[in-house]
Every structure is written in C-alpha cells, then in structure tokens.
Amino acid sequence: MPSIPLQPLVFEPILRRLVWGGRRLGTVMGKPIGDGDDYAESWEVADYHDSVSVIQDGPLAGTTLRDLVRARPRELFGRGHAGQSQFPILIKLIDARETLSVQVHPDDALGRTLADDHGKTEAWVVLDAEPHSLIYAGLKPGVDRERLEAAVRSGEVEPLLHRFKPRPGDCLLIEAGTVHAIGAGVLLAEVQQTSDATFRIFDWNRKGADGKPRELHVDKAMQAIDFGRGPVDPIVPRPLVLEDGNVREALVQCPYFQLERWTLKEPQEVGRDDRFTVVMVLSGEVRVGLGEDEPSLGKGRTLLLPATIGPQALTPIGEAVVLTCQQP
C-alpha cells in the first residue's frame, strides 16, 4: 500500500436486502438504493467476512478497511490499540419495515463456542419511528427459562417481552444475553461488536422468502440468554451545554465502545490521537474543517477519523446532530 498520509475516510455503503427491510435507507438517509422495498441495512463501517468497507474517494479510493487494519494499524487505531487484527466495531443503519425476529446475541465466551464468532453487544439510536412502532428489549420480571421455552412451543412469546413505544433520539444498550426485537416502522443507527452471532428464538410464525419458516436456534438461545437482566429501557442522558451553545450527551460507555451525541451550532473538535473516532451525521450537514471549501457530509453519511490525524473540527452548516463512537 502506498504511504499516503491517512485522512478522514468515507466508505461506500454496503447495502443488504432482507425480507423485513423497506425504502427509508434511500428516502430518509440518502443511500443509493434501487427498486424494491426490502433494503434492510446499510453497513457504514465494516470488516466482517466478505463484507468489508471500501474507501469511496480521495487518494486512497478503493483501499479496504481491512487493508488499513493489516498494513497501518498504529496509524488507524492509535497507541495501545494497534494489536487488533480486525476492525472491532460494525456500524449500521437499519430500516425495519416489518418486525424483526425475537433474538439474542451471545457474549464473547459463548460466541466462540456456539457460533465460532465474537460476542455481540450493540447499541441503538432511534432516528424515526411510526406511531404504532414498538421496541422489545429484555424479558419481563420473573420470566425464567422454563416459562420462555413453554411460550416458544405455544407461539405466545410476545406477552413475556418488555416493550415500549420508541421516540426519535432514544438510545438503548443491548448487552449480549438480552432478548430483543426491533419493531416494524423503526429506523435506527446501530453500533455493535464486529460479529453476526445471532440466535433466533421466535419469528412471529412467519415464513421466509422461500416460503418456509426461518430456522430458529432455541437451544443455543437459551444458553445465551441472561435471565437475570430483566427489562431494558432507553438511556436518559444528561446534556452538557457548552459556552458556544453546542450540546454534548454521553450515551453509552461499555467495554466495547463509547457513544456520544453532539448537537452542533458552532465548530466543534472531535476525535483523539490515541484511538479512532467514527462520526455519523444524524441530521443536518457538517464540514470536516473550518474552511467553506471543505467537503460536507449530510444526513446518513459516516466518517472514520484515524487516530494518527488527531482531533478534527466539525463545522455545522446551520445546526447538525452527530453521533461519535470510539473504543474505550
């Protein structure tokens, strides 16, 4: 790989079409979708099996994220994180036209033994939700393995699930071992461990694209569920209003990633020189830098700031809201 200095990186979105997807990745988030109403996910930053992000433009256009991980880890990850062999975080946009299956992700130990994969802790930031939408997160108090297995056999799982009506801006931390499902009509951003270890418990008695019921993984799911966790509700952040009017909200701090949301009215430095930072524009438009000739990023665009370039100024065009993600 040529020794071209790293810069803020934008990747081509990886679009995934699934039976429960819709069209809002294009109509709301500006992704280049085609015909059809099954665009379910846009993988914004990814280094997972055959799904690897490719730099969209600039002097490193065509270079993959995996290339950078292997050839330039210290520049990408920063000191203390350079020993990683895979980009550790997968960032997506998800459009659920239909309710997803009831599922659970394993922790790291069970991910290795049950799925030959990493564990999967994830966080959601709700971008849009229709009036009828629901999110299912966690089991109701007192639900144990015996009750859940009986409900799976009878097809009556929903009464055992904690649920609520999501609102734009809601943020949830879905730790490994949490039973969950994204409801119909929800559009959200997801930050997760780089993993696809998923065990379906219940699929609402639906049939897949081939006309057959989708495979369930009840035995593995029961091993992965943390029955002591109980209901999960949205995080209630404490906004910090800065002198220039910008607002900082700490959303998630877990062993795998930390998330902050910024409401920007004035330029704001984000990023660090000892770890990477991912920036997703949730609303509005920002420039990377202070000059008016700098390229801008609109709603739905995602940016990776390698550690080696240090903090960068984000300049909102009007007002903008961005989500930032770093390793702890």
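We're numbering straight along the sequence, starting at 1. Small disclaimer: the values here were computed from a predicted structure and weren't measured.
Side-chain atoms of Q193 and D108 form a donor-acceptor pair, as typed in the model, at a separation below 3.5 Å. S296 and E285 form a side-chain donor-acceptor contact under 3.5 Å, judged by distance and modelled atom types alone. With 3.5 Å as the limit, one finds no donor-acceptor pair spanning the side chains of E75 and T308. The closest side-chain donor-acceptor pair between E156 and S154, if any, does not fall under 3.5 angstrom. Judged purely by distance below 3.5 Å, without hydrogens or angles, the side chains of R145 and Q223 never pair a donor atom with an acceptor atom.
Remark: D128 engages R24 in a salt bridge, criterion side-chain N to carboxylate O under 4.0 Å. Between R16 and E41 a salt bridge is recorded (basic side-chain N to carboxylate O distance below 4.0 Å).
Criterion: ILVMFWY side-chain heavy atoms under 4.5 Å apart, direct or through other members. Under it, I317 and L282 are not part of a common hydrophobic cluster. F11 and L297 fall into different hydrophobic clusters, where Ile, Leu, Val, Met, Phe, Trp and Tyr side chains are chained together by heavy-atom contacts under 4.5 Å. Clustering ILVMFWY residues whenever any of their side-chain heavy atoms sit less than 4.5 angstrom apart, transitively, puts L188 in a cluster other than the one holding I235.
Residue pairs meeting the ring-ring contact (aromatic ring centres under 6.0 Å, His included) criterion with at least one partner in residues 161-196, sequence neighbours excluded, are H105-H180, W124-H180. Applying the side-chain hydrogen bond (donor to acceptor under 3.5 Å, both in side chains) rule to pairs touching residues 313-328 yields Q84-Q327, Q258-Q326, T277-Q326, sequence neighbours excluded. For residues 163-172, every residue pair satisfying the side-chain hydrogen bond (donor to acceptor under 3.5 Å, both in side chains) rule, not counting sequence neighbours, is listed here: E158-R163.
Taking the six-membered ring wherever Trp is involved, the centroid distance between the rings of W204 and Y136 falls below 6.0 Å.
More than 12 heavy atoms of other residues, nucleotides or ligands sit less than 6.0 Å from atom CG of D244.
Within the model, atoms CD1 of I135 and CG of L161 stand 13.0 Å from one another, a figure rounded to the nearest 0.5 Å.
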